[in-house]
Amino acid sequence: MSEDHDLHQQRLANLAELERLGVETYPRTFARTGTISALVAAHGERPAADLEVLRPEAATAGRILAVRTFGKANFLVLSDGVSRIQAYIRQDSVPERDFAVFKLLDFGDFVGVHGRVFRTKTNELTIWASGITFLAKCLHPLPEKWHGLQDVETRYRQRYLDLIVNPDSRRVFEVRAKVVAGIRRFLDARGFLEVETPMMQPLAGGALARPFVTHHNTLDMTLFLRIAPELYLKRLTVGGVERVFEINRNFRNEGISTQHNPEFTMLEFYQAYADYRDLMALTEEMLSTVAREAIGSDACAFGGETISFAAPFRRVSLREAAREAASRRLGAEVAPEDLRDREKAAALAARLEVTYPDGAGAGRIATAVFEALCEASLVQPTFVFDFPTEVSPLSKQRPDDPDTVERFELYIGRFEVANAFSELNDPAEQRRRFEAQLADRQRGDAEAHAMDEDYIRALEYGMPPAGGEGIGIDRLVMLLTGSPSIRDVILFPLMRPQAE
RNA sequence: GGGCCGGUAGCUCAGUGGUAGAGCAUCGCACUUUUAAUGCGGUGGUCGUGGGUUCGAUCCCCACCCGGCUCACCA
């Protein structure tokens, strides 16, 4: 390919020509009277006649997103990443050198302009430039103006390009920021203390998942990136922090999908003297409040359906949901005992062609039936409550039923968004649960929970009764922004390295 | 990891067993209120990588790389 025709070479040549003109090509700063957004906010509604009277002067800067040339009169469209404004560059209105600079500009460069704000014949808010200041060069061609950037691989690998040319992408991350800010406000107003607990842990607990492993050289110790903050936050409830929360990353060394990124953001919070029923009410209030703050509505469009965050959410017990779905599937009534007795549950699963891990008890099989038959139908927010004890090593049992724990998961849009329970605070029972997990681990379950003696010691000092909950922030943002993939709501999702 | 689909110009996409096209971008000329500006003319590609079949492969076959969807596992 000829260098003369390489778009990159052309831009380098324009940069060199600017230097030859004595233009500072990477200046330190530019004195703006305001951002483009501020200008649009100030004058966007003002009629042309008012602007002719006011004749406001302004200096602002941004990236060039369009150039329309007419020889001696030209238009630039500048963006500050949020808003856009047009600049009118007339040869007879700017110094000779500024016009020479203008002619060396490329689509994507940063420039500053100063001049008078007015409206053109077509009523477009415009700065009539009396000067142009070159600010930075864009040395690569940007994606095209009509279609933007469509290629998802490039959008994820070079998110900056996505943000430059696809305004909807910017909007997603603005909503994400509002969601997080809204949650903070909501919990702060209710007396929750925000904390940060270890991301690197000697023992990866608090959830059932495979961790990332790393090593600390000086202490010569194996460390795990956390799969959950749970056990540390509960230690804080032992320490007297009655209401506590953390919004931060968890890391799970598992598959990648439209709903899974190896690092993801979780809100986790604990409230002393609350149980899982209290948390259902709090969750309804929090999600509807945050939705209204983030998108201005407690309803959103997702996957061709409208999801309503208005309270109350539907509530259904896990075994009852599984029993009903199984009955429908088989066309014959399934009895509650069929999900309680291991042999009957195994027989039911076989008839339903539902698979479950080796060594699974009735509780695990019931959970597998629920996941296989029910999950995909849960579009509107639904609390699925009363999980089998077998799959819930950190939850408190129901007083009337030791095989069931006071736990719920919140499903929205056919996937799990939250997980909560009345916290198990009996150290002896906690030890028995860990021991049951160790048995699973010995059978080859890499996700089984490890024994955590330090955590049990903390419980032995006394933990108040408490409810705790985790909410997947990425998934919540997916719902609120109508994003079909978790990668659309994570600025830099994990990708394989690009081949050179 | 399995299955299905995709990778062609800077971008968005067509297309074919006889080594390739459009629109936009880009370059040149014209143009002092345009906004997908317009008109005329031009440049631009080892068709993801490596093999194989063939007289000849971007196209057919195989392997690999990257990505998407999906199943499995999880939040």
Side-chain angles (χ1 to χ4, degrees), chain A residues 1-11 13-14 48 65-77 84-93 99 106-108 118-126 128 138-157 161 165-166 206-210 227-228 250-268 355-357 368 371-372 375 391 409-412 415-419 445-447 469-476 478 484-487 493 495-500:
Chain A
M1 121 175 34
S2 159
E3 288 203 347
D4 291 346
H5 297 121
D6 182 353
L7 300 168
H8 181 230
Q9 292 297 331
Q10 283 171 8
R11 285 163 179 255
N14 285 341
L65 289 189
V67 185
R68 291 183 284 276
T69 65
F70 295 84
K72 297 188 178 70
N74 308 275
F75 297 92
L76 293 178
V77 176
R84 298 177 178 193
I85 198 165
Q86 181 171 257
Y88 181 44
I89 319 292
R90 282 174 64 121
Q91 188 167 17
D92 61 8
S93 296
F99 200 72
D106 286 301
F107 179 45
F118 78 113
R119 283 187 188 279
T120 62
K121 284 179 191 165
T122 51
N123 210 38
E124 179 82 12
L125 190 69
T126 303
W128 190 314
C138 177
L139 290 170
H140 295 288
L142 290 178
E144 181 234 331
K145 58 188 173 188
W146 301 357
H147 305 90
L149 182 61
Q150 301 296 324
D151 180 64
V152 289
E153 186 174 353
T154 308
R155 288 183 49 221
Y156 299 152
R157 288 190 193 280
L161 293 179
V165 300
N166 295 336
L208 307 180
R210 300 174 69 167
I227 57 175
N250 290 344
F251 307 85
R252 299 190 183 174
N253 205 340
E254 291 168 347
I256 295 175
S257 78
T258 48
Q259 280 138 48
H260 301 84
N261 193 63
E263 56 176 302
F264 63 100
T265 302
M266 183 109 131
L267 159 68
E268 222 170 271
T355 58
Y356 50 86
E371 288 174 355
E375 233 181 73
V391 297
E409 287 185 346
L410 173 62
Y411 282 83
I412 314 177
F415 52 73
E416 182 187 341
V417 172
N419 180 24
D445 182 355
E447 292 173 359
E469 177 165 347
I471 296 182
I473 299 299
D474 313 275
R475 290 182 175 182
L476 181 58
M478 284 172 67
S485 170
I486 198 168
R487 295 183 203 91
M495 304 284 278
R496 275 201 177 84
Q498 217 164 4
E500 285 303 320

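Reminder, nothing fancy here: chain letters follow the sequence lines and each chain counts from 1. The figures here come from the full heavy-atom set of this structure, side chains too, leaving out hydrogens, waters and symmetry mates.
The aromatic rings of A/F118 and A/W128 lie tilted to each other, with the angle between the two planes from 30° to 60°.
Atom CD of A/Q150 and atom C1' of B/G67 are 15 Å apart (whole Å). When the C1' atom of B/C27 is taken as reference, atom CG of A/D106 falls 11 Å away, rounded to whole Å. In this structure, A/L125 places its CG atom 14 Å from C1' of B/U33, rounding to the nearest Å. The nearest whole Å value for the distance from the NZ atom in A/K145 to the C1' atom in B/G23 is 11 Å. Atoms CG (A/L76) and P (B/A37) sit 12 Å apart, rounded to a whole Å. Taking atom CG of A/L149 as the reference point, atom P of B/G67 lies 16 Å away to the nearest angstrom. Going from atom NE2 of A/H8 over to atom P of B/A9 covers 19 Å, rounded to whole Å. As a whole-Å value, the separation of A/H147 NE2 from B/C24 C1' is 8 Å.
Comparing the C1' positions of B/U58 and B/A20 gives a spacing of 8 Å, expressed to the nearest Å. Remark: the separation of the C1' atoms in B/G7 and B/C40 is 36 Å, to the nearest Å. Using atom C1' as the reference point in both B/C47 and B/C59, the two lie 9 Å apart (nearest Å). When the P atom is compared between B/G56 and B/C65, the two are found 29 Å apart, to the nearest whole Å. Distance noted for atom P between B/G2 and B/C24: 44 Å (whole Å). Comparing the C1' positions of B/G3 and B/C60 gives an interatomic distance of 23 Å, to the nearest angstrom. Across B/G17 and B/C13, the matching C1' atoms stand 23 Å from one another, rounded to whole Å. B/U53 and B/G21 are spaced 29 Å apart, taking the P atom of each and rounding to whole Å.
Between B/C73, B/U34, B/U32, one nucleotide has an atom nearer to the side chain of A/R90 than all others, and that is B/U32. Of the candidate nucleotides B/G10, B/G67, B/U70, B/G10 has the atom nearest to the side chain of A/L7. Distance from the side chain of A/R157 is smallest for B/G67 among the nucleotides B/G67, B/C27, B/U70. Of all nucleotides listed (B/G68, B/U12, B/U33), B/G68 comes nearest to the side chain of A/Y156. Considering only the side chain of A/W128, B/U33 comes nearest among B/U32, B/U33, B/G68.
Between A/L149 and A/R155, the closest heavy-atom pair is O-CD, 3.3 Å.
An OP1 or OP2 oxygen of B/G67 is reached within less than 4.0 angstrom by no side-chain nitrogen or oxygen of A/R487. Within the structure, every side-chain polar atom (N or O) of A/R496 is placed at least 4.0 Å from both OP1 and OP2 of B/C65. Neither OP1 nor OP2 of B/U70 sits under 4.0 Å from any side-chain N or O of A/S257. At least one side-chain nitrogen or oxygen of A/R68 sits closer than 4.0 Å to the OP1 or OP2 atom of B/A37.
The closest donor-acceptor contact from the side chain of A/R11 to the backbone of A/F107 lies under 3.5 Å.
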task = For side chain to side chain contact (heavy atoms under 4.5 Å, CB included), just list the numbers for A/R487 and A/I256, CA-CA rounded to whole Å, side-chain angles, deciding distance to a tenth of an Å, and then say yes or no.
result = CA-CA 10 Å; A/R487 295 183 203 91; A/I256 295 175; 3.4 Å; yes
message = Working note: A/H8 + A/H140, criterion side chain to side chain contact (heavy atoms under 4.5 Å, CB included); need CA distance, chi angles, decisive distance, verdict.
response = CA-CA 5 Å; A/H8 181 230; A/H140 295 288; 3.9 Å; yes
request  = Any chance you could lay out the side chain to side chain contact (heavy atoms under 4.5 Å, CB included) test for A/R68 and A/V77, step after step, and finish with the verdict?
outcome  = CA-CA 9 Å; A/R68 291 183 284 276; A/V77 176; 3.5 Å; yes
request  = Step by step, work out the side chain to side chain contact (heavy atoms under 4.5 Å, CB included) result for A/Q86 and A/T120.
outcome  = CA-CA 10 Å; A/Q86 181 171 257; A/T120 62; 3.8 Å; yes
Output one line per pair: protein atom, nucleotide atom from nucleotides 28-31 of chain B, and distance, for all N/O pairs under 3.5 Å.
unit_1, atom_1, unit_2, atom_2, d
B/C31, N4, A/G71, N, 3.4

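Across all strands shown, A/N261 has heavy atoms under 4.0 Å from base atoms, whether or not it also approaches the sugar-phosphate. Among the atoms of the strands shown, none is found under 4.0 Å from any heavy atom of A/I471. When heavy atoms are screened at a 4.0 angstrom cut-off, A/E254 is found touching the sugar-phosphate backbone but no base atom. Within 4.0 Å of A/F415, counting heavy atoms only, lies no atom of the nucleic acid at all. Residue contacts for A/Y411: at a heavy-atom cut-off of 4.0 Å it reaches no nucleic acid atom on any strand shown. A/M266 comes within 4.0 angstrom of no nucleic acid atom, judged by non-hydrogen atoms across all strands. Residue contacts shown for A/G470 are absent, as no nucleic acid heavy atom lies under 4.0 Å away.
Atom CZ of A/R210 has 12 or fewer heavy atoms from other residues, nucleotides or ligands within 6.0 Å.
For A/D474 and A/N261, the side-chain atoms include no donor-acceptor pair closer than 3.5 Å.
For B/U32, the base has a donor-acceptor partner in the side chain of A/D92 [N/O atoms by modelled type, under 3.5 angstrom]. Applying the 3.5 Å distance criterion, the base of B/G23 shares a donor-acceptor pair with the side chain of A/E144. A donor N or O paired with an acceptor N or O is found under 3.5 Å between the base of B/U34 and the side-chain atoms of A/Q86.
For the pair A/P143/A/L161, a side-chain contact is recorded, criterion being any heavy-atom separation below 4.5 Å from C-beta on. You'll find the side chain of A/I85 reaches within 4.5 Å of the side chain of A/L125, heavy atoms only. No side-chain heavy atom of A/F75 sits under 4.5 Å from any side-chain heavy atom of A/E124.
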ask   = How does RNA chain B read in dot-bracket, base by base from 5' to 3', with Watson-Crick or G-U pairs under 3.5 Å and | used when the partner is on another strand?
value = (((((((..((((....[..)))).(((((.......))))).....(((((..]....))))))))))))....
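Looking at A/L410, A/L267, A/N419 one by one, the single match for side chain to side chain contact (heavy atoms under 4.5 Å, CB included) with A/I471 turns out to be A/L267.
Checking A/T120 against A/D474, the closest nucleotide of RNA chain B that is more toward the 5' end is the one next to A/T120. If A/L142 and A/N14 are placed on RNA chain B by their nearest nucleotide, the residue sitting closer to the 5' end is A/L142.
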